[in-house]
Amino acid sequence: MHHSSFFCCLLIVTLQLIKQSAGVELTFELADNARQCFYEDIAKGKQSTLEFQVVTGGHYDVDLVVENPNGLVLYHGMKKQFDTFKWTADTSGSYSFCFSNEFSTFSHKLIYFDFQAGEEPPLPGVSEHATALTKMEHTAVNLHENLNQVIDAQTHYRLNEATGRKRAEDLNHRVMYWSIGETFVILMVTVGQVFILKNFFTDRKSTIST
């Protein structure tokens, strides 16, 4: 009974830590001919990861530029649908990552990105001592890592579902417009055939009467 209560408490703490993990996760809309920049202060030697994906819009592509505080370009991706960039800060300061849709003249883009700076803080009471971890502490750490992986997988599944749904809606609209246009053409051809046949019999009747 004691172990069950302890395990439940660890599960609650783990879930709370996942919600409070360092980093930024954001989905935003980028208009056509627009550029949106984000800034983050990063200490020297800290490892950072930036992952992004274009969810909807146009050809599902966007430009991305990552610069250090001195203006040095660390990453330059052109017309990328998705990508992941990892780097270690060579100097302390404000790093910028700018998304650009300036090459598009009419397509709005919906962009998701996940930015993580530094390592995730350890579980309280687990990694704070210098002695070897107990079996229960190892279980808590493994559970925490697995839950993080589940959250990442769910995020990507939601993004893929949103992208697939948007493409299906666009295809449905195209099929509908094509069907409307095809129906209009059929009606015009039918009316034209009736008009031609009517004129044909009218001209023939006039010839016979003469």
Taking the six-membered ring for Trp, is the centroid-to-centroid distance between Tyr95 and Phe115 below 6.0 Å? no
So, for Phe97 and Phe85, is the gap between ring centers shorter than 6.0 Å? no
Under-4.0 Å salt bridge between Asp61 and Lys109: yes
How long is the straight-line distance from [atom2] of [Y] back to [atom1] of [X], given to the nearest 0.5 Å?
| X | Y | atom1 | atom2 | answer |
| --- | --- | --- | --- | --- |
| Tyr60 | Leu110 | OH | CG | 10.5 Å |
| Asp83 | Gln53 | CG | CD | 11.0 Å |
| Asp90 | Lys46 | CG | NZ | 14.5 Å |
| Gln193 | Met188 | CD | CE | 12.0 Å |
| Thr49 | Trp87 | OG1 | CH2 | 7.5 Å |
| Thr56 | Glu169 | OG1 | CD | 9.5 Å |

Flag side-chain contact, heavy atom, 4.5 Å: [X] against [Y]:
| X | Y | result |
| --- | --- | --- |
| Lys80 | Phe52 | yes |
| Val54 | Val62 | yes |
| Asp63 | Lys79 | yes |
| Lys86 | Ser48 | no |
| Ser92 | Ile42 | no |
| His76 | Val73 | yes |

Indicate whether any N or O donor in one side chain lies under 3.5 Å from an N or O acceptor in the other, for Tyr112 and Glu25. yes
Of Asn101, Leu30, Val55, Leu26, which is the lone residue that meets side-chain contact (heavy atoms from CB on, under 4.5 Å) with Ile111? Leu30
Show, in sequence, the C-alpha distance, side-chain angles and deciding distance for Phe38 and Gln36, and conclude whether the side-chain contact (heavy atoms from CB on, under 4.5 Å) test is met. CA-CA 7 Å; Phe38 301 88; Gln36 180 69 49; 3.6 Å; yes
side-chain contact (heavy atoms from CB on, under 4.5 Å) for Leu64 and Tyr75? Distances and angles first, verdict last. CA-CA 8 Å; Leu64 172 63; Tyr75 172 88; 3.7 Å; yes
Show, in sequence, the C-alpha distance, side-chain angles and deciding distance for Arg35 and Cys98, and conclude whether the side-chain contact (heavy atoms from CB on, under 4.5 Å) test is met. CA-CA 7 Å; Arg35 178 182 175 91; Cys98 299; 3.5 Å; yes
Closest contact, heavy atoms only, Asn68 versus Leu72: OD1-N, 2.7 Å
Considering all heavy atoms, the nearest Gln81-His59 contact: NE2-O, 3.5 Å
One pair to check against side-chain contact (heavy atoms from CB on, under 4.5 Å): Leu50 and Thr84. What are the steps and the verdict? CA-CA 6 Å; Leu50 176 62; Thr84 300; over 6 Å; no
Are Leu74 and Val24 co-members of a hydrophobic cluster defined by side-chain heavy atoms under 4.5 Å apart? yes
